[in-house]
Amino acid sequence: MPELPEVETVVRQLAPLLVDRRIRRFEIRDRLLLGSVPLSLDGTGISAVFREGKQIVFEIAADGSPGRRAAAGNPVSKNQSVLGWLAIHLRMTGRLLWSFPNDSAQSRGKTRAEFAFEHGRLCFVDTRRFGTFAWHEERSSLRSAGVDPLRASFRIRNLRELIGSSTQEIKPWLMRQDKICGIGNIYASEILAEAGLSPFLRAGSLDRKQLTRLHKSIRKVLRDAIKHCGTTFSDFQDARGVKGKYQDYLRVYDRENMPCRACGHGITRSLQGGRSTYFCEQCTTLPPGNP
DNA sequence: GGGTACCTGAAA
DNA sequence: TTTCAGGTACCC
(Lines give C-alpha, C1' and ligand atoms only; values in the text may rest on other atoms or scores of the structure.)
Protein backbone atom coordinates (compact mmCIF):
# COMPACT_ATOMS: atom_id res chain seq x y z
CA MET A 1 0.00 0.00 0.00
CA PRO A 2 2.04 2.78 1.29
CA GLU A 3 4.30 5.26 -0.34
CA LEU A 4 4.96 8.68 1.10
CA PRO A 5 1.47 10.15 0.49
CA GLU A 6 -0.34 7.21 2.07
CA VAL A 7 1.95 7.22 5.10
CA GLU A 8 1.56 10.97 5.48
CA THR A 9 -2.22 10.58 5.32
CA VAL A 10 -2.21 8.03 8.13
CA VAL A 11 0.15 10.13 10.27
CA ARG A 12 -2.00 13.25 9.92
CA GLN A 13 -5.03 11.33 11.06
CA LEU A 14 -3.36 9.48 13.90
CA ALA A 15 -1.49 12.40 15.44
CA PRO A 16 -4.53 14.19 16.91
CA LEU A 17 -5.93 10.86 18.11
CA LEU A 18 -2.78 9.61 19.81
CA VAL A 19 -0.54 12.44 20.94
CA ASP A 20 -0.54 12.85 24.73
CA ARG A 21 -2.60 9.72 25.22
CA ARG A 22 -1.70 6.84 27.45
CA ILE A 23 -1.35 3.32 26.01
CA ARG A 24 -3.36 1.09 28.30
CA ARG A 25 -2.15 -2.05 26.69
CA PHE A 26 -0.01 -2.99 23.71
CA GLU A 27 -0.17 -6.50 22.38
CA ILE A 28 1.64 -8.26 19.53
CA ARG A 29 -0.16 -11.28 18.12
CA ASP A 30 1.96 -12.16 15.07
CA ARG A 31 5.09 -14.19 15.71
CA LEU A 32 6.81 -12.33 12.86
CA LEU A 33 6.60 -9.18 14.99
CA LEU A 34 7.55 -10.78 18.30
CA GLY A 35 10.66 -9.34 19.87
CA SER A 36 10.54 -6.19 17.77
CA VAL A 37 9.63 -4.10 20.82
CA PRO A 38 11.90 -5.12 23.69
CA LEU A 39 9.88 -3.59 26.50
CA SER A 40 6.31 -3.36 27.64
CA LEU A 41 4.52 -0.26 26.41
CA ASP A 42 1.63 -0.70 28.81
CA GLY A 43 1.10 2.53 30.71
CA THR A 44 3.47 4.56 28.58
CA GLY A 45 2.42 7.63 26.62
CA ILE A 46 2.70 8.77 23.03
CA SER A 47 4.32 12.19 22.96
CA ALA A 48 4.59 12.61 19.18
CA VAL A 49 3.55 10.95 15.94
CA PHE A 50 5.42 11.71 12.75
CA ARG A 51 6.59 10.33 9.42
CA GLU A 52 10.19 9.46 8.66
CA GLY A 53 10.47 8.40 5.03
CA LYS A 54 7.82 5.70 4.69
CA GLN A 55 7.88 4.90 8.41
CA ILE A 56 5.22 5.93 10.91
CA VAL A 57 6.92 6.82 14.18
CA PHE A 58 5.43 6.96 17.68
CA GLU A 59 7.54 8.76 20.24
CA ILE A 60 7.06 6.87 23.49
CA ALA A 61 7.34 8.65 26.83
CA ALA A 62 7.53 7.05 30.25
CA ASP A 63 4.91 9.26 31.80
CA GLY A 64 1.65 8.40 30.18
CA SER A 65 -0.57 10.40 32.46
CA PRO A 66 -3.19 12.30 30.50
CA GLY A 67 -3.36 16.07 30.51
CA ARG A 68 0.38 16.48 30.36
CA ARG A 69 0.08 18.00 26.90
CA ALA A 70 3.20 19.75 25.78
CA ALA A 71 2.88 23.26 24.48
CA ALA A 72 2.54 23.41 20.72
CA GLY A 73 5.91 23.32 19.03
CA ASN A 74 7.49 22.13 22.22
CA PRO A 75 7.71 18.37 21.84
CA VAL A 76 8.02 16.21 24.89
CA SER A 77 11.15 14.73 23.33
CA LYS A 78 13.00 17.63 24.92
CA ASN A 79 12.47 16.31 28.37
CA GLN A 80 13.95 13.27 29.97
CA SER A 81 10.92 11.04 29.90
CA VAL A 82 11.22 9.79 26.32
CA LEU A 83 11.89 6.05 26.31
CA GLY A 84 12.35 5.63 22.61
CA TRP A 85 10.70 5.58 19.23
CA LEU A 86 8.52 2.89 17.71
CA ALA A 87 8.89 2.87 13.92
CA ILE A 88 6.15 1.10 12.01
CA HIS A 89 6.69 0.24 8.36
CA LEU A 90 3.55 -0.84 6.51
CA ARG A 91 5.46 -2.35 3.56
CA MET A 92 2.92 -3.65 1.03
CA THR A 93 -0.35 -4.30 2.82
CA GLY A 94 -0.04 -2.96 6.36
CA ARG A 95 -2.80 -0.78 7.78
CA LEU A 96 -3.27 1.06 11.05
CA LEU A 97 -6.98 1.26 11.76
CA TRP A 98 -8.51 3.33 14.52
CA SER A 99 -11.84 2.63 16.15
CA PHE A 100 -13.71 4.39 18.92
CA PRO A 101 -15.30 2.24 21.63
CA ASN A 102 -18.80 2.60 20.22
CA ASP A 103 -17.88 2.00 16.58
CA SER A 104 -19.82 -0.82 15.03
CA ALA A 105 -17.64 -3.85 14.41
CA GLN A 106 -15.87 -3.51 11.07
CA SER A 107 -14.44 -6.37 9.11
CA ARG A 108 -10.75 -5.64 9.17
CA GLY A 109 -9.07 -8.99 8.79
CA LYS A 110 -6.65 -10.44 11.26
CA THR A 111 -5.23 -8.00 13.76
CA ARG A 112 -1.50 -8.60 14.17
CA ALA A 113 -0.93 -6.02 16.89
CA GLU A 114 -3.18 -3.79 18.91
CA PHE A 115 -2.86 -0.63 21.00
CA ALA A 116 -5.66 -0.11 23.48
CA PHE A 117 -6.41 3.40 24.74
CA GLU A 118 -9.03 4.83 27.01
CA HIS A 119 -10.80 6.43 24.07
CA GLY A 120 -10.37 3.72 21.44
CA ARG A 121 -8.04 1.22 19.90
CA LEU A 122 -5.55 1.06 17.07
CA CYS A 123 -5.22 -2.20 15.16
CA PHE A 124 -2.33 -3.17 12.93
CA VAL A 125 -3.63 -5.34 10.12
CA ASP A 126 -1.32 -6.73 7.46
CA THR A 127 -2.39 -9.40 4.99
CA ARG A 128 1.03 -10.22 3.60
CA ARG A 129 2.82 -9.83 6.93
CA PHE A 130 5.72 -7.87 5.45
CA GLY A 131 5.13 -4.93 7.78
CA THR A 132 7.67 -4.31 10.54
CA PHE A 133 7.91 -2.75 13.97
CA ALA A 134 11.31 -1.49 15.08
CA TRP A 135 12.37 0.01 18.36
CA HIS A 136 14.89 2.88 18.42
CA GLU A 137 16.55 4.24 21.52
CA GLU A 138 18.17 7.08 19.60
CA ARG A 139 16.22 9.54 17.58
CA SER A 140 19.12 9.73 15.14
CA SER A 141 18.94 6.02 14.30
CA LEU A 142 15.47 6.56 12.85
CA ARG A 143 16.58 8.85 10.12
CA SER A 144 16.26 7.33 6.69
CA ALA A 145 19.30 7.53 4.49
CA GLY A 146 17.54 9.35 1.70
CA VAL A 147 16.40 12.96 1.66
CA ASP A 148 12.70 13.70 2.15
CA PRO A 149 11.54 15.22 -1.13
CA LEU A 150 8.89 17.40 0.51
CA ARG A 151 11.38 19.18 2.73
CA ALA A 152 11.64 22.83 1.75
CA SER A 153 15.39 22.44 1.54
CA PHE A 154 15.18 19.84 -1.25
CA ARG A 155 16.33 21.80 -4.30
CA ILE A 156 17.10 21.02 -7.91
CA ARG A 157 20.79 21.06 -7.17
CA ASN A 158 20.32 18.44 -4.44
CA LEU A 159 18.59 16.22 -6.98
CA ARG A 160 21.41 16.76 -9.46
CA GLU A 161 24.03 15.92 -6.84
CA LEU A 162 22.18 12.79 -5.70
CA ILE A 163 21.89 11.51 -9.25
CA GLY A 164 25.46 12.35 -10.11
CA SER A 165 26.59 10.27 -13.04
CA SER A 166 24.37 7.27 -12.24
CA THR A 167 23.78 5.01 -15.22
CA GLN A 168 20.70 3.48 -13.61
CA GLU A 169 17.42 4.00 -15.41
CA ILE A 170 15.56 6.94 -13.91
CA LYS A 171 12.45 5.02 -12.84
CA PRO A 172 14.20 2.47 -10.60
CA TRP A 173 16.50 5.29 -9.47
CA LEU A 174 13.54 7.28 -8.15
CA MET A 175 12.57 4.31 -5.98
CA ARG A 176 15.95 4.17 -4.25
CA GLN A 177 15.27 4.97 -0.61
CA ASP A 178 18.96 5.64 0.01
CA LYS A 179 18.72 8.66 -2.32
CA ILE A 180 15.20 10.05 -1.99
CA CYS A 181 12.86 8.47 0.51
CA GLY A 182 9.17 7.96 -0.01
CA ILE A 183 8.76 7.26 -3.73
CA GLY A 184 7.55 3.78 -4.66
CA ASN A 185 6.28 2.01 -7.74
CA ILE A 186 3.10 4.01 -8.26
CA TYR A 187 4.51 7.47 -7.81
CA ALA A 188 7.72 6.79 -9.74
CA SER A 189 5.64 6.19 -12.88
CA GLU A 190 3.33 9.09 -12.09
CA ILE A 191 6.16 11.53 -11.50
CA LEU A 192 7.85 10.64 -14.78
CA ALA A 193 4.55 10.94 -16.67
CA GLU A 194 3.99 14.37 -15.14
CA ALA A 195 7.51 15.39 -16.15
CA GLY A 196 7.19 13.93 -19.65
CA LEU A 197 10.28 11.80 -19.14
CA SER A 198 10.81 8.25 -20.29
CA PRO A 199 11.32 5.79 -17.42
CA PHE A 200 14.19 4.27 -19.43
CA LEU A 201 16.37 7.38 -19.52
CA ARG A 202 19.67 6.96 -17.71
CA ALA A 203 19.44 9.04 -14.55
CA GLY A 204 22.80 10.68 -15.09
CA SER A 205 21.92 11.65 -18.65
CA LEU A 206 19.21 14.15 -17.70
CA ASP A 207 19.98 17.70 -18.77
CA ARG A 208 19.30 20.78 -16.72
CA LYS A 209 15.84 21.32 -18.15
CA GLN A 210 14.82 17.72 -17.55
CA LEU A 211 16.12 17.82 -13.98
CA THR A 212 14.11 20.95 -13.35
CA ARG A 213 10.96 19.27 -14.65
CA LEU A 214 11.65 16.14 -12.63
CA HIS A 215 12.19 18.08 -9.41
CA LYS A 216 8.98 20.03 -9.90
CA SER A 217 7.01 16.86 -10.72
CA ILE A 218 8.26 14.97 -7.67
CA ARG A 219 6.88 17.64 -5.39
CA LYS A 220 3.71 18.28 -7.32
CA VAL A 221 2.68 14.62 -7.61
CA LEU A 222 3.41 13.81 -3.96
CA ARG A 223 1.64 16.93 -2.71
CA ASP A 224 -1.40 16.35 -4.90
CA ALA A 225 -1.60 12.74 -3.75
CA ILE A 226 -1.51 13.83 -0.11
CA LYS A 227 -4.26 16.34 -0.85
CA HIS A 228 -6.39 13.43 -2.07
CA CYS A 229 -5.46 11.18 0.87
CA GLY A 230 -3.34 8.77 -1.16
CA THR A 231 -4.06 6.03 -3.67
CA THR A 232 -6.14 2.91 -3.05
CA PHE A 233 -6.08 -0.18 -5.21
CA SER A 234 -7.05 -3.04 -3.00
CA ASP A 235 -5.51 -2.53 0.38
CA PHE A 236 -4.82 1.01 1.38
CA GLN A 237 -7.16 2.53 3.88
CA ASP A 238 -6.52 5.48 6.10
CA ALA A 239 -6.76 5.29 9.86
CA ARG A 240 -10.55 5.32 9.75
CA GLY A 241 -10.83 2.67 7.07
CA VAL A 242 -11.54 5.15 4.26
CA LYS A 243 -9.94 4.67 0.87
CA GLY A 244 -7.72 7.24 -0.83
CA LYS A 245 -8.95 9.24 -3.80
CA TYR A 246 -5.83 9.74 -5.85
CA GLN A 247 -6.44 6.62 -7.99
CA ASP A 248 -9.05 8.73 -9.82
CA TYR A 249 -6.31 11.10 -10.90
CA LEU A 250 -3.54 8.69 -11.88
CA ARG A 251 -2.00 9.47 -15.25
CA VAL A 252 -0.52 6.09 -16.11
CA TYR A 253 -0.25 3.63 -13.22
CA ASP A 254 -2.45 0.54 -13.64
CA ARG A 255 -3.86 2.05 -16.86
CA GLU A 256 -2.39 -0.30 -19.48
CA ASN A 257 -4.07 0.22 -22.88
CA MET A 258 -6.27 2.94 -21.47
CA PRO A 259 -6.05 6.32 -23.20
CA CYS A 260 -3.40 8.78 -22.07
CA ARG A 261 -5.15 11.69 -20.43
CA ALA A 262 -3.02 14.12 -22.42
CA CYS A 263 -2.96 12.64 -25.95
CA GLY A 264 -5.32 9.66 -26.01
CA HIS A 265 -2.61 7.19 -27.00
CA GLY A 266 -2.82 3.84 -25.18
CA ILE A 267 -0.71 3.55 -22.03
CA THR A 268 2.14 1.04 -22.23
CA ARG A 269 3.09 -1.36 -19.45
CA SER A 270 6.66 -2.59 -19.29
CA LEU A 271 8.95 -4.21 -16.74
CA GLN A 272 11.93 -2.66 -14.98
CA GLY A 273 13.70 -4.66 -12.32
CA GLY A 274 10.80 -7.09 -12.30
CA ARG A 275 8.26 -4.38 -11.51
CA SER A 276 5.60 -2.82 -13.66
CA THR A 277 6.29 0.55 -15.24
CA TYR A 278 3.55 2.50 -16.98
CA PHE A 279 4.09 5.33 -19.45
CA CYS A 280 2.74 6.97 -22.60
CA GLU A 281 5.02 6.35 -25.57
CA GLN A 282 3.72 9.42 -27.30
CA CYS A 283 4.26 11.85 -24.45
CA THR A 284 7.79 10.70 -23.65
CA THR A 285 10.84 10.37 -25.83
CA LEU A 286 12.34 6.93 -25.45
CA PRO A 287 16.09 6.69 -25.43
CA PRO A 288 17.54 4.87 -28.46
CA GLY A 289 17.24 1.09 -28.44
CA ASN A 290 14.34 0.83 -25.98
CA PRO A 291 10.96 -0.85 -26.45
C1' DG B 1 23.24 -3.09 -10.32
C1' DG B 2 19.75 -7.38 -11.07
C1' DG B 3 17.50 -11.61 -9.30
C1' DT B 4 15.25 -13.77 -5.52
C1' DA B 5 12.98 -14.21 -1.19
C1' DC B 6 9.76 -13.01 2.29
C1' DC B 7 3.89 -13.89 2.71
C1' DT B 8 -1.00 -14.02 1.46
C1' DG B 9 -4.91 -13.56 -1.44
C1' DA B 10 -7.21 -11.95 -5.64
C1' DA B 11 -7.64 -12.35 -10.34
C1' DA B 12 -6.58 -14.17 -14.82
C1' DT C 1 -2.98 -23.29 -12.09
C1' DT C 2 -0.23 -19.29 -12.71
C1' DT C 3 0.57 -14.42 -12.23
C1' DC C 4 0.49 -10.32 -9.90
C1' DA C 5 0.53 -6.90 -5.99
C1' DG C 6 1.77 -0.38 -3.09
C1' DG C 7 8.51 -2.75 -0.19
C1' DT C 8 12.94 -3.90 0.97
C1' DA C 9 16.83 -7.13 2.53
C1' DC C 10 20.08 -10.05 0.94
C1' DC C 11 22.51 -12.80 -2.55
C1' DC C 12 26.16 -12.64 -6.41
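Keep in mind that what you see is a predicted model, and the values were worked out from it rather than measured.
Here His89(A) reaches the OP1 or OP2 of dT8(C): one of its side-chain N or O atoms lies under 4.0 Å away. For dT8(C), one of the phosphate oxygens OP1 or OP2 lies less than 4.0 angstrom from a side-chain nitrogen or oxygen of Lys54(A). Neither OP1 nor OP2 of dG7(C) sits under 4.0 Å from any side-chain N or O of Gln177(A).
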Protein-nucleic acid N or O pairs under 3.5 Å, nucleotides 2-4 of chain C:
none

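A perpendicular orientation is assigned to the rings of Phe200(A) and Phe279(A), their planes being inclined by more than 60° (bins at 30° and 60°). Below 30°, between 30° and 60°, or above 60°: for Tyr246(A) and Tyr249(A) the angle between ring planes is below 30°, a parallel geometry. Under the 30°/60° scheme for interplanar angles, the aromatic rings of Trp98(A) and Phe100(A) are found to stand perpendicular.
Donor-acceptor pairing under 3.5 Å, judged by distance alone, is present between the side chain of Arg128(A) and the base of dA5(C).
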Quiz prompt | Dot-bracket line, read 5' to 3' along DNA chain B, where crossing pairs take [ ] and | marks a partner on another strand, Watson-Crick or G-U under 3.5 Å | solution = ||||||.|||||

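In this structure, Arg139(A) satisfies the cation-pi test against Phe50(A), with its NZ or CZ atom closer than 6.0 Å to the six-membered ring centre and inside 45 degrees of the ring normal.
Of all nucleotides in DNA chain B having an atom under 4.0 Å from a heavy atom of chain A, the first and last in 5' to 3' order are dG1(B) to dG9(B).
Comparing the P positions of dT8(C) and dA10(B) gives a spacing of 24 Å, expressed to the nearest Å. Rounded to whole Å, the separation between the C1' atoms of dG1(B) and dG6(C) comes to 23 Å.
Atom CD of Glu161(A) sits in a crowded spot, with more than 12 heavy atoms from other residues, nucleotides or ligands closer than 6.0 Å. Counting heavy atoms of neighbouring residues, nucleotides and ligands inside a 6.0 Å radius, atom CZ of Arg143(A) does not exceed 12 of them.
Tyr253(A) meets the ring pair (Phe, Tyr, Trp, His ring centres under 6.0 Å) test with Phe233(A), Tyr278(A); sequence neighbours excluded. Taking Arg112(A) as the reference, Asp30(A) meet the salt bridge (Lys or Arg N to Asp or Glu O under 4.0 Å) condition, with sequence neighbours excluded.
Contact annotation for Tyr187(A): no contact, since no heavy-atom pair falls under 4.0 Å across all strands. Counting any heavy atom pair closer than 4.0 Å across all strands shown, Gly274(A) reaches no nucleic acid atom.
In this structure, Pro2(A) and Ile56(A) have side chains that are not in contact, with every pair of non-hydrogen atoms separated by 4.5 Å or more.
Listed by first and then second residue, the ring pair (Phe, Tyr, Trp, His ring centres under 6.0 Å) pairs that reach into residues 143-175 of chain A are Phe154(A)-His215(A), sequence neighbours excluded.
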